[in-house]
S.K.: 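To start, I am sharing the structure in question, which I have written as structure tokens.
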2 protein chains.
Amino acid sequence: MENKGLQVVQSGERTNTEGKPVSNLILLSISDSDYSSLRPHLEYVSLPNHLVLHEGGGKLEFAYFPNRGLISLVVAMKDGRTAEAGLVGNEGFTGTPASVGLSRSPLQAVVQITGDGFRVEVGALQETLESAPHLQLMLSRYAVVQGMQVAQTAACNRLHGIEQRLVRWLLMTQDRVDSESLPITHDFLATMLGTDRPSVSLAAGVLQKKKLIEYTRGAVKIVNRKKLEDSACECYGITQQYNGELGLK
Amino acid sequence: MENKGLQVVQSGERTNTEGKPVSNLILLSISDSDYSSLRPHLEYVSLPNHLVLHEGGGKLEFAYFPNRGLISLVVAMKDGRTAEAGLVGNEGFTGTPASVGLSRSPLQAVVQITGDGFRVEVGALQETLESAPHLQLMLSRYAVVQGMQVAQTAACNRLHGIEQRLVRWLLMTQDRVDSESLPITHDFLATMLGTDRPSVSLAAGVLQKKKLIEYTRGAVKIVNRKKLEDSACECYGITQQYNGELGLK
DNA sequence: CCATGTATGTAGGATGCCCTACAGACCATC
DNA sequence: GATGGTCTGTAGGGCATCCTACATACATGG
């Protein structure tokens with residue numbers, strides 16, 4: 001990729017100091033001056049499957065801006081049971097507390113689908129933010145939208161059954177990784193959906209019989225996206241709609 | 001309370017242009033200059049029980065800063081079923097999207113316990129924020145903390161039973177209204193907890209038999225706060241802890 | 001005091017889900 | 001092709017909760 005000049009970098013053409021291209025939408029959307037301030041702190045990282053970026057309850061060390069792949073924000077209870085609160089793809093970042101001067105988060109951040117991206121030390125990010133109002137706004141805005149989506153998840157978790165929640169997860173995931181085949185096991189789906197593995201297998205079996213999905217060991221393929229959307233609960237449409245409020249893409 | 005200097009305004013001494021005293025903690029925590037900018041837009045309002053401040057899915061007209069009482073943020077599904085995503089007392093405000101330049105929210109805001117407070121038109125708030133960085137920071141920070149609490153609620157909704165969720169709701173509510181008696185019906189509790197009324201009555205009956213609470217028509221009294229805390233799920237402690245991160249009070 | 005509306009008590013059946021357990025299938029490695 | 005590890009299929013018991021229905025108690029206004 002070429003570098004057109006010292007100030008102006010067009011969308012899709014930004015790189016970090018290592019020359020790695022940026023496709024995270026937040027990093028692409030901010031002003032040139034804000035990006036220049038942040039750029040020296042962006043460290044390219046690969047995000048392999050199941051890597052834990054942050055343990056729930058601890059101090060945040062880095063904020064992550066994914067280029068590709070998918071990160072899950074998970075609440076883990078003491079007894080080991082878990083439930084997913086949110087998903088982060090290339091439209092967002094992890095470590096929302098860092099964007100408002102806080103440094104701890106109760107959420108575990110786990111790579112759910114292999115990808116790559118950039119990380120920034122929380123301290124460096126916070127310093128940068130003081131003179132990068134546009135970045136500050138975009139991060140805060142993302143945090144708020146994510147909060148609304150989490151709220152919808154809270155209600156969905158309470159009011160909707162496993163099959164519907166599985167459908168929603170598949171749709172939201174596919175929105176963030178443009179592939180019809182999602183590399184994920186039933187076991188991990190159970191972690192996300194806050195249930196046990198047999199319940200996932202059962203629900204997935206039903207969807208497969210309906211010819212909405214197909215799956216093999218470790219991968220779920222979406223074969224009829226449209227019908228899948230039709231059978232999703234309203235929660236999917238709502239979260240998607242508020243994602244659009246971000247004005248990215 | 002004494003006034004220590006020209007910059008610092010001590011808690012409990014601020015008023016709006018109508019002379020109404022402020023006890024909302026955000027409004028008390030911001031700098032003098034930021035408060036002066038916002039002050040002309042603060043309209044005193046009483047917040048009677050069950051008043052709907054905002055319907056889910058619509059445009060936000062006002063942001064509300066409660067002095068007393070309690071506001072619930074509720075997700076309402078098309079079929080009429082509901083679940084609460086968050087609580088707002090005098091430590092917070094409603095309308096987090098307005099703090100980042102957005103104007104719509106999927107959440108319904110309902111007064112759950114009578115109180116009073118101030119409201120600001122969304123447009124006026126957003127204009128004010130442009131030159132009120134401290135206020136901007138506090139609002140964003142509150143939005144993020146609220147998001148983390150909502151995430152815990154999402155997991156709690158999935159993983160914990162009605163009785164535990166009821167305990168948590170009672171504790172969180174009492175934290176925001178300093179009274180041992182909470183004016184609330186089982187029916188409204190059902191709306192909050194995303195279940196039906198008989199299930200609430202059953203769970204409340206169990207707690208009453210354990211002598212943790214007492215209730216009569218339309219009111220729940222907490223008679224043994226400590227034991228109630230002991231029987232709460234870990235979710236309560238976590239949300240409370242992150243509320244502390246706000247640095248208010 | 002009565003009538004009406006609202007709040008709570010309670011019960012029984014249906015259901016969805018969790019839990020445990022085990023069997024079968026696939027995969028990688030040697 | 002054998003072996004151990006991981007993933008999925010499936011079943012049955014148990015349980016919480018949902019749903020419906022109705023009874024009872026309280027409150028308010030006439």
Side-chain angles (χ1 to χ4, degrees), chain A residues 48-50 77 79-83 112-114 155-170 181-210 212-221 231 233, chain B residues 48-50 77 79-84 112-114 155-170 181-210 213-221 231 233:
Chain A
N49 236 334
H50 303 169
M77 301 290 175
D79 65 1
R81 301 185 69 191
T82 56
Q112 199 53 240
I113 292 179
T114 301
C156 191
N157 276 349
R158 192 67 211 55
L159 301 172
H160 295 152
I162 287 182
E163 192 181 323
Q164 284 189 305
R165 299 205 315 278
L166 174 57
V167 168
R168 186 162 83 93
W169 193 92
L170 293 172
S181 178
L182 309 176
I184 181 93
T185 65
H186 292 185
D187 216 351
F188 266 86
L189 279 171
T191 300
M192 299 300 107
L193 299 178
T195 185
D196 56 0
R197 200 271 311 159
S199 300
V200 171
S201 293
L202 217 56
V206 172
L207 294 180
Q208 190 168 46
K209 279 207 187 72
K210 291 183 187 170
L212 305 181
I213 66 174
E214 284 171 9
Y215 58 93
T216 56
R217 188 186 172 86
V220 178
K221 186 177 167 186
S231 70
C233 54
Chain B
N49 237 331
H50 305 167
M77 301 291 175
D79 66 1
R81 300 185 70 190
T82 57
E84 185 184 71
Q112 198 53 240
I113 292 178
T114 301
C156 191
N157 275 350
R158 190 69 210 65
L159 303 172
H160 295 151
I162 288 182
E163 193 181 323
Q164 284 189 304
R165 299 205 314 279
L166 174 56
V167 168
R168 187 163 83 94
W169 194 91
L170 293 172
S181 178
L182 310 175
I184 180 93
T185 66
H186 292 186
D187 216 350
F188 267 87
L189 279 170
T191 300
M192 299 301 105
L193 299 178
T195 184
D196 58 359
R197 201 270 312 158
S199 300
V200 171
S201 293
L202 217 55
V206 172
L207 295 179
Q208 190 169 45
K209 279 206 189 69
K210 292 184 186 168
I213 64 173
E214 285 171 9
Y215 57 92
T216 55
R217 190 188 171 86
V220 178
K221 187 178 168 187
S231 70
C233 53

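Order of the sequence lines fixes the chain letters, A, B, ..., with proteins taken first and strands second; residue numbering starts at 1 for each chain. Since we're looking at a predicted model, the values are computed, not measured.
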S.K.: Between the side chain of Ser181(B) and the main-chain N/O of Lys221(B), is any donor-acceptor distance below 3.5 Å?
M.R.: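 Side chain of Ser181(B) to backbone of Lys221(B), a donor-acceptor pair under 3.5 Å: no, none is there.
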S.K.: What's the spacing between Leu189(A) CG and Ile184(A) CD1 if we round to 0.5 Å?
M.R.: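 The CD1 atom of Ile184(A) is 4.5 Å from CG of Leu189(A), to the nearest 0.5 Å.
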S.K.: Where the side chain of Arg165(B) meets the backbone of His160(B), is there a donor-acceptor pair that is under 3.5 Å apart?
M.R.: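 Looks like yes, one N/O pair under 3.5 Å.
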S.K.: If you compare every side-chain N and O of Tyr215(B) against the phosphate oxygens of dA25(D) (OP1, OP2), does one of them come in below 4.0 Å?
M.R.: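 Checking dA25(D) against Tyr215(B), no side-chain N or O comes under 4.0 Å of OP1 or OP2.
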S.K.: Assuming nearest nucleotide by heavy-atom distance, tell me which of Asp187(A) and Arg217(B) is located more 5' along DNA chain D.
M.R.: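 First, find each residue's nearest nucleotide; the 5'-ward one identifies Asp187(A).
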S.K.: Quick check: closest heavy atoms across Ser201(A) and His186(A), and the distance to 0.1 Å?
M.R.: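 Taking every non-hydrogen atom into account, OG-ND1, 2.9 Å.
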S.K.: For Arg158(B) and dT17(D), what is the distance between atoms CZ and P respectively, to the nearest whole Å?
M.R.: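 It works out to 12 Å between those atoms.
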S.K.: Could you identify which residues of residues 195-206 of chain A place a heavy atom less than 4.0 Å from some atom of DNA chain D, listed by residue number, or say none?
M.R.: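 Those residues whose heavy atoms fall under 4.0 Å from DNA chain D, taken from residues 195-206 of chain A in numerical order, are Arg197(A), Pro198(A), Ser201(A).
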S.K.: Which atom pair, heavy atoms only, marks the closest approach of Asp196(B) to Ala190(B)?
M.R.: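 Where Asp196(B) meets Ala190(B) most closely, the heavy atoms are C-CB, 3.6 Å.
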S.K.: Is the side chain of Thr185(A) donor-acceptor paired with the backbone N or O of Gly218(A) at a distance under 3.5 Å, no angle test?
M.R.: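 No; zero donor-acceptor contacts below 3.5 Å.
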S.K.: Roughly how many Å is it from NE2 in His160(B) to P in dC15(D), rounded to a whole number?
M.R.: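 Spelled out: NE2 on His160(B) to P on dC15(D) is 19 Å.
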S.K.: Could you state the CG-C1' distance from Asn157(A) to dT17(D), rounded to the nearest angstrom?
M.R.: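 Answer to the nearest Å: 16 Å.
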S.K.: Between Ile162(B) and Ser199(B), which heavy-atom pair has the shortest distance, and what is it?
M.R.: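 Residues Ile162(B) and Ser199(B), closest heavy atoms: CD1-CB, 3.5 Å.
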S.K.: Report yes if the side chains of Pro183(B) and Thr114(B) come closer than 4.5 Å at any heavy-atom pair, otherwise no.
M.R.: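 No. Closest side-chain heavy atoms not under 4.5 Å.
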S.K.: dC19(D) C1' sits how many Å from Arg81(B) CZ, rounded?
M.R.: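 After rounding, the reported distance stands at 10 Å.
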S.K.: Need two values: the first and the last nucleotide of DNA chain C, 5' to 3', having an atom under 4.0 Å from any heavy-atom of chain A.
M.R.: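 Listed 5' to 3', the contact boundaries are dC17(C) to dC27(C).
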S.K.: How bent is the helix from dC1(C)-dG30(D) to dC30(C)-dG1(D), measuring the angle between the end axes built from five pairs each, rounded to 10°?
M.R.: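 Computed angle between terminal axes is 40°.
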S.K.: In whole angstrom, give the distance that lies between atom CG of Leu166(B) and atom P of dT17(D).
M.R.: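 So the CG-P distance, Leu166(B) to dT17(D), works out to 11 Å.
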S.K.: Do the non-hydrogen side-chain atoms of Val200(A) and Thr195(A) ever get within less than 4.5 Å of each other?
M.R.: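 In contact.
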S.K.: For Gly194(B) and Leu159(A), work out which heavy atoms get closest and say how close.
M.R.: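 Shortest heavy-atom contact: O-CD2, 3.7 Å.
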S.K.: For Cys233(A) versus Cys156(A), what's the shortest heavy-atom pair and its separation?
M.R.: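 Closest approach of Cys233(A) to Cys156(A), heavy atoms only: SG-SG, 3.7 Å.
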